[in-house]
Amino acid sequence: MVKVNSLSHSFGNNTHLSFPDWEIKSGEQYLFLGNSGSGKTTLIHILTGLLNPQKGKIWINNTDIYALTPSKLDSFRGKNIGLIFQQAHLIKSLNVFQNLSIAQSFAGLKPDKQRINQVLDVLQILSKANNYPHQLSQGQAQRVAIARAVINKPALLVADEPTSSLDDENAEIVLQLLKNLSQANGSTLIIATHDARLKPSFTNQYVL
Amino acid sequence: MANKLSAFLNILLIAFGVSILTILLLVSNQIQNKLENNARGIDAVVGAKGSPLQLILSSIYYIDFPTGNIPLKAANELAKNRMVKLAVPLALGDNFNGYRIAGTNSSFIKLYNLKLADGKFWDKDFEVTLGADVAKTQKLKIGDIFFGAHGLADNSDMHKSHAYKVAGILTPNANVTDQLVITNIASVWKMHQHEDEHEAENPLPQSPQPEAEITSLLIKYKSPISVILFPKLVNETTNLQAASPAIESTRLFSLIGVGVDTLQYFAILIMVISVVSVFISLFNSLKQRKYDLAIMRTMGASKTKIFLIVILEGFFLSLLGTLLGWFLGHLVLQYLGSLQDAGQSKLTGFIFLTQEFYLILVGLCTGIFAATLPAIAAYRVNISKILSTN
């Protein structure tokens, strides 16, 4: 499902990063561990088609994603990859419902109101559908961000430090949501973190 | 746009520029039309010496005071000149609620191609035929009587001794005749003779009966050759002057034109400022929203889509601004028109020109133009870098 092949990338300021090969089967759930500065975010960006690596290849669903034209890559990402960040990063001028429906339209899919309501219901934020981001608590905003990432049933769900800014209780809730949702949608899950609290929950680990 | 206030200010700025340009366009177009319509068929105006522009303004457009009077005898001699096809005498001096009362003869009908909506043309003394606007605004109908007032605008000095009687009403003519009260010359004379007798309480030794006078003579030539010859003849051989509406209108319009040009530059300056302002605020909001745009990219939006989103934002700003400005322009002009004196043909905001279409197009382009650079910046955004700088 995901294949990382002899990948390396360097930045202008003499940082050279090379990544061990990595192969993930469909539906597997991986914890991606690495200290800050180890290149975790760089690999996440390369994996999700946001940063073109200098060497090596990324295969997702048998597609060499950096062989695609930039606009094809954008639409591939929209349809196949769901991204969750440490911060929710919702679009402030849109309400919760609109934040999700815009994710459908950017992916080139038809607006599906039922799907949005279903996902919001599962995440127990259906009552917040008409609220704007500034009216949400941090935990609620993070759940909307998760809803946005899974709305298009992506083949690959990638979360970058999703629990770092949450307390133990909320971190556990978010973790379970991610695991359950990816299972329900048949998504492959990668959680990148330096958060040791998550370690016990995963058998598959990739360490940088 | 993140900042509603700056969006509002930008819209307002564009609206101001567009509305000023709209007003200028409408006003200069309407003035030019009116100048042309009113002077149609009149090749020269003969009147007392003075400013030729003033003579034209008073005798063709009925806006300024006449230069003075001319002896009827001299006027009649000129009218018989073989270069003259049609000579229309005018006797001005009174008004009715701001509408000028013009004494003339039946050749006036021919000159302006007047048609009756009701009643008949003026014939006997103190019979008048009203222009369409006069009848409408003063609510006069056939058989009504009213008093004229001395002077060309105000009502203070009424001629109570003689009343005018409405004999007919003209069809709208889209020129100055819509705002005239037309009667025969004798009525104008009698009105004033009577007044003189009345006022002279201790008469001085009577001078011989004063010569009959008129205000001016509107001339139509038999052939275009006379354009040079006739004015020369009048100006050199008589005490009168001949002025050409074509020349004076052009002169007048070039005088107004200076003002129009200045305002035009002013409006263009406002438009330029609004372009810069839209540009700055889009660029600023781009800084705040870089993250939003990057997130949109992660959701599958292509670079082109992000580019279009920013352009669209500029477009909507200018769309709102332009439509608002266009609407305001018409509204303000209509209001200005309603403030004008009754006796003059009014400016109206309810006329739409094809040039306005281009104006709207230009207005829309300002926003798109201002948004181009920010849109390119958004297009080039490095998502990975932005998402990393948390």
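Everything numeric here is computed off the predicted structure, so don't read it as measured data. Each chain gets a letter, A, B and so on, in the order the sequences are listed, and its residues count up from 1.
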Enquirer: Do we see a donor-acceptor contact under 3.5 Å between the side chains of A/Ser164 and A/Asp195?
Expert: no
Enquirer: Where is the tightest heavy-atom contact between A/Arg148 and A/Ile151, given as atom of each residue plus distance?
Expert: O-CG2, 3.2 Å
Enquirer: Relative to chain B, which segment of A/Thr42 carries a heavy atom at a distance below 4.5 Å: side chain, backbone, both, or neither?
Expert: neither
Enquirer: Where on B/Ile309 is there a heavy atom nearer than 4.5 Å to chain A: the side chain, the backbone, both, or neither?
Expert: side chain
Enquirer: Considering only heavy atoms and a distance below 4.5 Å, find which of A/Thr41, A/Asp160, A/Ile91, A/Asn80 pairs most often with chain B.
Expert: A/Ile91
Enquirer: Please tell me whether B/Tyr61 and B/Ser249 have a donor and an acceptor in their side chains that are separated by less than 3.5 angstrom.
Expert: yes
Enquirer: A/Ile46 versus chain B, heavy atoms under 4.5 Å apart: side chain, backbone, both or neither?
Expert: neither
Enquirer: Do A/Trp59 and A/Tyr66 make the cut of ring centroids closer than 6.0 angstrom?
Expert: no
Enquirer: According to the interplanar angle, ranging from 0 to 90°, do the rings of B/Phe352 and B/Trp326 count as parallel (below 30°), tilted (30 to 60°) or perpendicular (above 60°)?
Expert: tilted
Enquirer: At a heavy-atom separation under 4.5 Å, does A/Phe76 approach chain B through its side chain, its backbone, both, or neither?
Expert: neither
Enquirer: Hey, which of B/Lys305, B/Lys303, B/Arg297 has the most heavy atom pairs under 4.5 Å with chain A?
Expert: B/Arg297
Enquirer: Distance alone, cut at 3.5 Å: any donor-acceptor contact between the side chains of B/Thr22 and B/Glu356?
Expert: no
Enquirer: What part of A/Lys72 lies closer than 4.5 angstrom to a heavy atom of chain B: side chain, backbone, both or neither?
Expert: neither
